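For clarity, every value in this text was computed on a predicted model and none was experimentally measured. We number each residue from 1, following the sequence as shown.
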Amino acid sequence: MLKLDGETKKLLTLNQVGQDLVTLGDLDMILKKIMAAIKEICASEGSSVLLLDEKNQELYFKEAAGEKGEEVKQIRIPLQESSSIAGWVAIHRQSLMVNEVEHDPRHSKEADKKSGFVTRSILASPVIWQEKVLGVIEAVNKKGRDFSEEDETFLNLLANQVAVALNTARLIGDLRNFFVHSVDLLIQLMDEHSPSQKGHSVRVARIATGMARELKLNQIEYENLFYAAYLHDIGKLKLPIATINDTLHPVLACRMLEPIRMFKDVIPIIRHHHEKFNGTGFPDRLAGKNIPLAARILSVAEDFDEQMALLEARNEKINFYQSFLSGFGSLYDPGLLDAFKKTTSTSFE
Ligand SMILES: [Fe+2]
Ligand SMILES: [Fe+2]
């Protein structure tokens, strides 16, 4: 079997962290892997990632490995060079090796007191992205001997990896935030465009996703249906408010959403949300299982909410509910009847 020397093992571990950055989507998971890599490469008892809370000018433990990891996470350290080694590192933007912590006045004794951890030695590196300090990583208590300059070089490399991970997570968070709020803005626009249909998209999404849960759609199918339900009538924005014949709206919606790559599988659901199981719908007069399952579900939720919203009296609603159920088998897929009843019956039976 191939025997690896210590240096090669460290490089392999570092390389593995690089791969984790690309393949693992979850920041917490990536940081945990980096914590483990610090302990392995620097041969330390503990390791931690501290992040800078800019508003309060404090460092806090985002992740801490070692026996007292959870207790350590409660601690907040003011960003002052004299109050902690991490604070000094963040302010001076350079790594620091302290092999005899008890003789160093910068060491935060409070952290040890709160955590019950006895710190003997610390090696700390700043995490910097585009000149901005994001935090500090630390290896705590070198096993057997003192931290070395080589440990310091490796920790600085790992700090770069943490900076990449944090920046990627921020970008993903910004994109998600933009996406969610853009969809929200479109719904607001639709509600303002047709006030008589206010709340329709949200109610349709609630019924359609309720049915999807009953039918045990997988996560991706569920999400596609969710977005299709939210945006199914967006094509109406392109039509004058009082258009009598609005049968164009599914096709218009598809044209509007076509450039959005992540809606590739959402668009067919929207296109066919007015098809009928017996082939009498629009725009393509598809029938039966030729209509995508999610579109069959959406068509039920669409018609049900649209017609129910016109009624006020309780008995009218109950009668309508019964007559709507009789449409399964002709207008709607009979295989969806149970899921529809389970999703809606408590309100109308
Ligand atoms: Fe529609
Ligand atoms: Fe609709």
Side-chain angles (χ1 to χ4, degrees), residues 10 13-14 17 28 30-129 131-163 165-166:
K10 287 178 189 178
T13 307
L14 198 63
V17 170
D28 290 347
I30 293 171
L31 292 181
K32 283 203 169 78
K33 293 259 185 183
I34 293 178
M35 295 296 87
I38 294 176
K39 289 207 298 179
E40 199 183 317
I41 291 176
C42 300
S44 67
E45 287 171 11
S47 56
S48 43
V49 173
L50 294 102
L51 296 186
L52 177 62
D53 172 348
E54 268 190 282
K55 195 167 143 237
N56 296 312
Q57 289 293 293
E58 286 175 335
L59 289 160
Y60 63 95
F61 287 87
K62 169 76 178 155
E63 289 295 337
E67 290 174 57
K68 302 281 181 182
E70 281 311 304
E71 284 92 330
V72 172
K73 275 188 180 180
Q74 316 298 324
I75 301 166
R76 295 185 80 91
I77 301 166
L79 188 63
Q80 293 158 359
E81 58 177 322
S82 58
S83 67
S84 70
I85 288 167
W88 189 95
V89 166
I91 288 170
H92 290 267
R93 297 165 166 259
Q94 65 185 67
S95 51
L96 183 65
M97 185 161 60
V98 182
N99 274 313
E100 281 179 50
V101 154
E102 56 185 313
H103 300 308
D104 194 302
R106 289 168 294 198
H107 175 56
S108 160
K109 303 207 170 38
E110 203 194 332
D112 271 8
K113 216 191 288 164
K114 275 192 195 153
S115 66
F117 193 86
V118 181
T119 306
R120 298 188 313 273
S121 55
I122 291 186
L123 177 60
S125 294
V127 176
I128 298 173
W129 181 264
E131 317 233 313
K132 218 170 138 190
V133 175
L134 304 179
V136 173
I137 60 172
E138 292 180 336
V140 182
N141 291 354
K142 176 82 178 182
K143 287 182 192 160
R145 52 198 166 90
D146 286 354
F147 283 116
S148 64
E149 274 178 24
E150 188 197 313
D151 292 331
E152 193 168 357
T153 305
F154 272 109
L155 194 69
N156 282 332
L157 289 173
L158 285 162
N160 293 342
Q161 313 263 42
V162 173
L166 292 174

Inset, instruction - Just do the side-chain contact (heavy atoms from CB on, under 4.5 Å) check on Lys33 and Ile30 with the steps written out, would you? - result: CA-CA 5 Å; Lys33 293 259 185 183; Ile30 293 171; 5.7 Å; no

Legend entry - Criterion side-chain contact (heavy atoms from CB on, under 4.5 Å) on Phe147 and Ile122, from CA distance to verdict: CA-CA 8 Å; Phe147 283 116; Ile122 291 186; 5.5 Å; no

Inset, instruction - Report the C-alpha distance between Val89 and Glu138 in whole Å, list the side-chain angles of each, state the deciding distance to 0.1 Å, and finish with yes or no for side-chain contact (heavy atoms from CB on, under 4.5 Å). - result: CA-CA 10 Å; Val89 166; Glu138 292 180 336; over 6 Å; no

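Distance OG1/Thr13 to CD1/Ile34: 12.5 Å, rounded to 0.5 Å. For the atom pair Asn56 CG and Arg76 CZ, the distance stands at 6.0 Å (nearest 0.5 Å). To the nearest 0.5 Å, the span separating NZ on Lys73 from OG on Ser48 amounts to 11.0 Å. Note that the CD atom of Glu40 and the CE atom of Met35 stand 13.0 Å from one another [nearest 0.5 Å]. Rounding to the nearest 0.5 Å places CD1 of Ile137 at 10.0 Å from OG of Ser95. Separation of atoms CD1 (Ile77) and CD1 (Ile85) is listed at 10.0 Å; rounding is to 0.5 Å.
A side-chain donor-acceptor contact under 3.5 Å links Thr153 to the backbone of Glu149.
Closest approach of Ile38 to Ala139, counting heavy atoms only: CG2-CB, 3.6 Å. Residues Val133 and Ala90 approach most closely at CG2-O, 3.6 Å, considering heavy atoms. The heavy-atom pair separating Ser125 from Asn156 by the smallest distance is OG-OD1, 2.7 Å. Shortest non-hydrogen contact noted between Cys42 and Leu123 is SG-CD2, 4.4 Å. Nearest heavy atom pair, residue Gly135 against residue Leu59, reads CA-CD2, 4.5 Å.
Side-chain contact check for Asn141 versus Ser44: every heavy-atom pair is 4.5 Å or farther apart. Side-chain contact between Leu96 and Glu152 is absent, with no heavy atoms from C-beta onward closer than 4.5 Å. Met97 has its side chain out of reach of Asp151: every pair of non-hydrogen atoms, C-beta onward, lies at least 4.5 Å apart. Here the side chains of His107 and Trp88 are not in contact, with every heavy-atom distance at 4.5 Å or above. Between Leu31 and Lys62, the closest side-chain pair of non-hydrogen atoms falls below 4.5 Å.
Sequence neighbours left out, the pairs with a member in residues 89-107 that pass salt bridge (charged side-chain N to carboxylate O under 4.0 Å, His left out) are Asp104-Arg106.
Ala43 pairs by the side-chain contact (heavy atoms from CB on, under 4.5 Å) definition with Lys142, not counting sequence neighbours.
A side chain to side chain contact (heavy atoms under 4.5 Å, CB included) with Tyr60 holds for exactly one of Leu52, Leu50, Leu51, Val49; it is Leu51.
For Lys10, the NZ atom counts as densely surrounded, since its 6.0 Å shell holds more than 12 non-hydrogen atoms of other residues, nucleotides or ligands. Counting heavy-atom neighbours within 6.0 Å of Lys132 NZ, excluding the residue itself, gives a total of 12 or less.
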